[in-house]
Amino acid sequence: MLTVLFAAREERWPAYETALPDAIARTGVEARVVLQADPSEVDYIVFAPNGPVSDFRPYTKAKAVLNLWAGVEDVAGNQTLTLPLARMVEPSLTEGMVEYVVGHVLRHHLGMDTHIHGTDGVWSHEAPPLARDRTVAVLGLGALGQACAQALSAMRFQVLGWSRGPKDISGVTCRNGEDGLAETLRRADIVVLLLPLTAETEGVMNARRLALLPKGAFLINPGRGALIDDDTLLAALDAGGLGHATLDVFRTEPLPQGHAFWRHPKVTVTPHIAAETRPASASKVIAENIRRGEAGEPFLHLVNRKAGY
Ligand code: NDP
Ligand code: OXD
């Protein structure tokens, strides 16, 4: 009988208490899932940031750390962790992100704000362009970015994508490298950040790169707050280069009460709700990785610790 330690915040436990043991049992593996155990007896650690485990050294028998989050910036650099680390890739998380991104892209594309807030009796008969005449750039073409890019392409937007390595995605013009980023930004009416936070991506949307965007472009950031410097972003909005920023993630979360983003007329704040790991589907992914570990098969969604994602 294996011991699986659920090392996330305790408030998450009720959602997994039945779903996770059931999913593991369905793979044919016998395991008990517990909130506390003698570290030397733990076989797998189901992990989330701000949970009870930060020092992995006592977990001498463990075979893997299975992260409940897609982002791993809080654990990838942990020097006490020598075990394989898997991040979360699951269909409901992806579905949620696609819905968030498509929704916020459409808000800007259709100019919905003008009509929602009213035009003061002015009958301005100006139709928005069609999606095929609008260019959306997705920075980060991983599990989430690729799904968003493909959904936008299916709606006939002109979709550009940027990633670390080369990619070939049907309906998406993919680029990589510094020149590829510059070319992507120069053409983007709307830019979506779905990069992980790593040493290389921190502050990636700096003032120089923001200035490459066409005047009035929209930025949507459901990636991580530190991909962009707050003051740099505010300066670009105030100078009029950037039209609007829709932000789901922040350097400090919850976003502090007094932060300028809350009241800025060109900023929309959403409270880190773009996409969420859903217990039913996430439990299946964790269970499959435990099955793989027991069968000696390679784990799914392993993090490249050197690259940081
Ligand atoms: P993946 O690891 O699957 O994809 C990351 C993508 O970013 C890859 O395409 C990768 O390139 C690219 N990338 C990484 N580093 C660089 C770099 N230096 N330059 C250019 N491209 C780079 O991640 P996911 O798609 O699963 O998730 C992305 C992020 O979304 C998460 O890390 C997390 O921060 C955020 N997130 C936010 C949520 C929310 O609710 N707001 C929910 C879930 C996730 P390559 O393909 O070449 O490796
Ligand atoms: C994640 C997130 O990384 O919710 O999974 O941000």
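Remember, it's 1-based here, ligands and their atoms both numbered in the order they're listed.
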Note to self: We want to know whether Ser163 and Asn176 form a side-chain donor-acceptor pair, criterion being a heavy-atom distance below 3.5 angstrom.
What the structure shows: no

Note to self: Check this for me, if you would: do Glu178 and Arg209 make a salt bridge, where the nitrogen-to-carboxylate-oxygen distance has to be below 4.0 angstrom?
What the structure shows: yes

Next item on the list: Check whether any side-chain heavy atom of Val65 lies under 4.5 Å from a side-chain heavy atom of Leu81, and answer yes or no.
Entry: yes

Checklist line | Check: His109/Arg134 side-chain N/O donor and acceptor closer than 3.5 Å | finding: yes

Margin query: Could you work out, with ring-ring contact (aromatic ring centres under 6.0 Å, His included) as the rule, every residue matching His244, not counting sequence neighbours?
Written below: His108

Next item on the list: Name the orientation class of the two ring planes belonging to His125 and Trp123 (parallel below 30°, tilted from 30 to 60°, perpendicular beyond 60°).
Entry: parallel

Checklist line | Atom-level proximity to ligand 1, residues with heavy atom under 4.0 Å | finding: Ala70, Gly71, Arg87, Met97, Gly140, Leu141, Gly142, Ala143, Leu144, Gly145, Trp162, Ser163, Arg164, Gly165, Lys167, Leu194, Leu195, Pro196, Glu200, Thr201, Pro222, Gly223, Arg224, Asp248, Val249, His272, Ala274, Ala275, Tyr309

Check: Can you tell me if Thr184 uses its side chain to pair, donor with acceptor, with the backbone of Leu160 under 3.5 Å?
Finding: no

Item checked: Those protein residues which place at least one heavy atom below 4.0 Å from ligand 2 -> Trp69, Ala70, Gly71, Arg224, His272, Ala275

Next item on the list: Using the ring pair (Phe, Tyr, Trp, His ring centres under 6.0 Å) rule, collect all pairs that involve residues 60-100, keeping only residues at least two apart or in two chains.
Entry: Trp69-His272, Tyr100-His104

Notebook entry, point to check: Below 4.0 angstrom, N of the basic side chain to O of the carboxylate: do Glu90 and Lys284 qualify?
Noted result: no

